[in-house]
Amino acid sequence: MSLQKIKVGVVQATPALFDIENTVEIIISWIEKAAKVGCEMLLFPESFIPCYPRGIDFDAVVGKRSDKSREQWLDYWENSIETSSPHIQKIGEAIKKANLMVALGVTEKESIGGSLYCTLLYFNENGELIGKHRKLKPTGLERYVWAESDGSTLVSFDTKIGKIGGLICWENYMPLARMAMYQKGVEIYLAPTADSRESWQSTMQHIALEGRCFVLASNQFVRKSDYPEKYQSDLESEPEVMCAGGSVIISPLGEILAGPLWNEEGLLVADLDFSDLAKSKLDFDVVGHYARKDVFKLEVIDQPSTIKL
């Protein structure tokens, strides 16, 4: 472990909902802002492209699909992103110019087949897409929108700014999924989310304390008025602020370094001192002296080895 100090950023922002073209421009603008303040790593929220479709039910009824649901699906699908698309290239160029690492939450589609995945894309400072994690278990009605993933995308990266990995939203409630990340020695744990409850903060602090890692949690700030007009009738019962945010950066001992940020857009920035990682292991190490490897063993099927950059 290198006892370095680095600066990281967490974006809490509003995408152009159901509009991939304008959302890419928004992403680039936040990358530029992060570069100006010296960030070496930047995290965006869950499904920032094309949005987290909060409040939209896709006309879901057990045993029946409607024309309306298929039209809404088409809108969401068309504005989701392929990793081989010109949009990725454009984002990569902005990242290279800014010279920082980026983790970007998207809804991903493939060139073959029609399924969508809730995905966290990882870019190095040269703007190259180096890997991705797909959500293992979409929650609730998300299961109607996103397909499931498997252990092959439980990725981690050994980079010049530390060992990086993480999980998306309620995957962070899965003890074995968290342990899969801890076993890879993750030092900067990323948790893009759509959960804006105040109770989410305790989950993020718990992970920091449990994993003895820095935790970066990023959420969107979204109002009902941000949705396209054609969706307004579906949102009549929703409050004006539909996602208040709550993005936060936490130390390995559970101390809040930045945030939580509520009810506005913003860029959270914090300096991470890696000596705090070492000091936090004095009394607890989830994969070391507290692991009880004589009692417990975790096998993660198809999890890849940490990628050395």
Side-chain angles (χ1 to χ4, degrees), residues 5-15 26-27 29-48 51-52 54 98 100-106 120 122 161-162 164-173 178 181 186-223 226 239-277 279-280:
K5 294 182 180 180
I6 67 166
K7 181 171 287 187
V8 298
V10 165
V11 173
Q12 179 164 298
T14 310
I26 291 170
I27 290 167
S29 71
W30 284 104
I31 290 170
E32 292 170 347
K33 291 175 185 176
K36 287 180 180 178
V37 296
C39 290
E40 298 170 72
M41 167 81 208
L42 184 64
L43 174 65
F44 283 86
E46 176 182 13
S47 191
F48 201 72
C51 66
Y52 182 84
R54 185 185 306 273
L100 74 169
M101 292 193 67
V102 170
L104 172 63
V106 304
L120 184 61
Y122 289 87
I161 62 169
I164 299 171
L167 300 171
I168 302 169
C169 205
W170 278 21
E171 285 184 309
N172 290 287
Y173 285 140
R178 296 198 306 271
M181 290 292 101
V186 168
E187 298 163 327
I188 304 174
Y189 186 110
L190 308 180
T193 189
D195 194 330
S196 59
R197 299 170 304 159
E198 290 188 8
S199 58
W200 186 249
Q201 304 302 313
S202 61
T203 297
M204 296 296 96
Q205 286 183 295
H206 173 87
I207 290 172
L209 287 161
E210 180 180 68
R212 289 305 201 251
C213 51
F214 294 104
V215 172
L216 279 58
S218 181
N219 199 357
Q220 299 178 25
F221 170 62
V222 177
R223 298 155 298 191
D226 294 316
E240 175 54 24
V241 176
M242 293 179 61
C243 183
S247 300
V248 69
I249 302 174
I250 302 174
S251 82
L253 288 177
E255 299 165 345
I256 294 177
L257 301 178
L261 181 63
W262 300 106
N263 295 305
E264 61 179 320
E265 294 185 285
L267 175 66
L268 297 180
V269 177
D271 293 313
L272 309 187
D273 185 343
F274 275 50
S275 68
D276 292 339
L277 288 169
K279 289 185 286 188
S280 73

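All heavy atoms count here, side chains included; hydrogens, waters and symmetry mates do not. Only a predicted model underlies this, so the values are computations on that prediction, with no experimental measurement involved.
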Sub-4.5 Å side-chain heavy-atom contact between F221 and L261: no
Going by the rule side chain to side chain contact (heavy atoms under 4.5 Å, CB included), which residues pair with A244 if we only count those two or more places apart in sequence or in a different chain? V241, W262, N263
Residues forming a side chain to side chain donor-acceptor pair (under 3.5 Å) with Y122, sequence neighbours excluded: none
Looking at CD1 of I31 and CG of L267, how far apart are the two atoms once the value is rounded to the nearest 0.5 Å? 11.5 Å
Does a side-chain heavy-atom distance below 4.5 Å link I249 with L272? yes
Test item: Y189 and I250 side chains (from C-beta on) under 4.5 Å apart, heavy atoms: no
Is there a side-chain contact between M41 and I164 (heavy atoms, below 4.5 Å)? yes
Going by the rule side chain to side chain donor-acceptor pair (under 3.5 Å), which residues pair with S218 if we only count those two or more places apart in sequence or in a different chain? none
Approximate separation, where rounding is to 0.5 Å, of T193 OG1 and E46 CD: 6.0 Å
Does any pair with a residue in residues 192-214 pass salt bridge (charged side-chain N to carboxylate O under 4.0 Å, His left out), and if so which ones, sequence neighbours excluded? R178-E210, D195-R197, R212-D283
Rounded to the nearest 0.5 Å, the CD1 atom of I207 sits from the CE atom of M181 at a distance of 11.5 Å
If only atom types and distance count, is the side chain of Q12 paired as donor or acceptor with the main-chain N or O of S247 below 3.5 Å? yes
Mind listing the closest non-hydrogen atom pair of L100 and A34 along with its distance? CD1-CB, 4.0 Å
Working to the nearest 0.5 Å, report the span between CH2 of W200 and OH of Y173. 5.0 Å
Going by side-chain hydrogen bond (donor to acceptor under 3.5 Å, both in side chains), name the pairs with one or both residues in residues 29-40, residues two or more places apart or in two chains. none
Heavy-atom closest contact (I26 atom, T14 atom, distance): CD1-O, 3.7 Å
M204 and A191 have their tightest heavy-atom pair at SD-CB, 3.6 Å
Just to verify, what does Q205 make a side chain to side chain donor-acceptor pair (under 3.5 Å) with, not counting sequence neighbours? none
Name all residues meeting the ring-ring contact (aromatic ring centres under 6.0 Å, His included) criterion together with F44; count only those two or more places apart in sequence or in a different chain, and write none if there are none. F48
What closest approach, in Å, do S251 and A208 show between heavy atoms, and which atom pair accounts for it? O-CB, 3.2 Å
So which heavy atom on L120 is nearest to which on P192, and how close? CD1-CG, 3.9 Å
Can you pull the salt bridge (charged side-chain N to carboxylate O under 4.0 Å, His left out) pairs that have at least one residue in residues 251-272, sequence neighbours excluded? none
Non-neighbouring partners of E171 that pass side chain to side chain contact (heavy atoms under 4.5 Å, CB included), sequence neighbours left out: H133, K135, L136, L167, I168, M174
Any idea which heavy atoms bring A258 and V269 closest together, and the distance? CB-O, 3.7 Å
I'd like to check the side chain to side chain donor-acceptor pair (under 3.5 Å) partners of D226; sequence neighbours left out, ordered by chain and number. R223
With rounding to the nearest 0.5 angstrom, report the CD to SG distance, E187 to C213. 9.5 Å
Would you call the rings of F214 and F274 parallel, tilted or perpendicular, taking 30° and 60° as the class edges? tilted
What residues, two or more places apart in sequence or in another chain, satisfy salt bridge (charged side-chain N to carboxylate O under 4.0 Å, His left out) together with K279? D276
Output the distance between atom CG (L43) and atom CG (L190), rounded to the nearest 0.5 Å. 5.0 Å
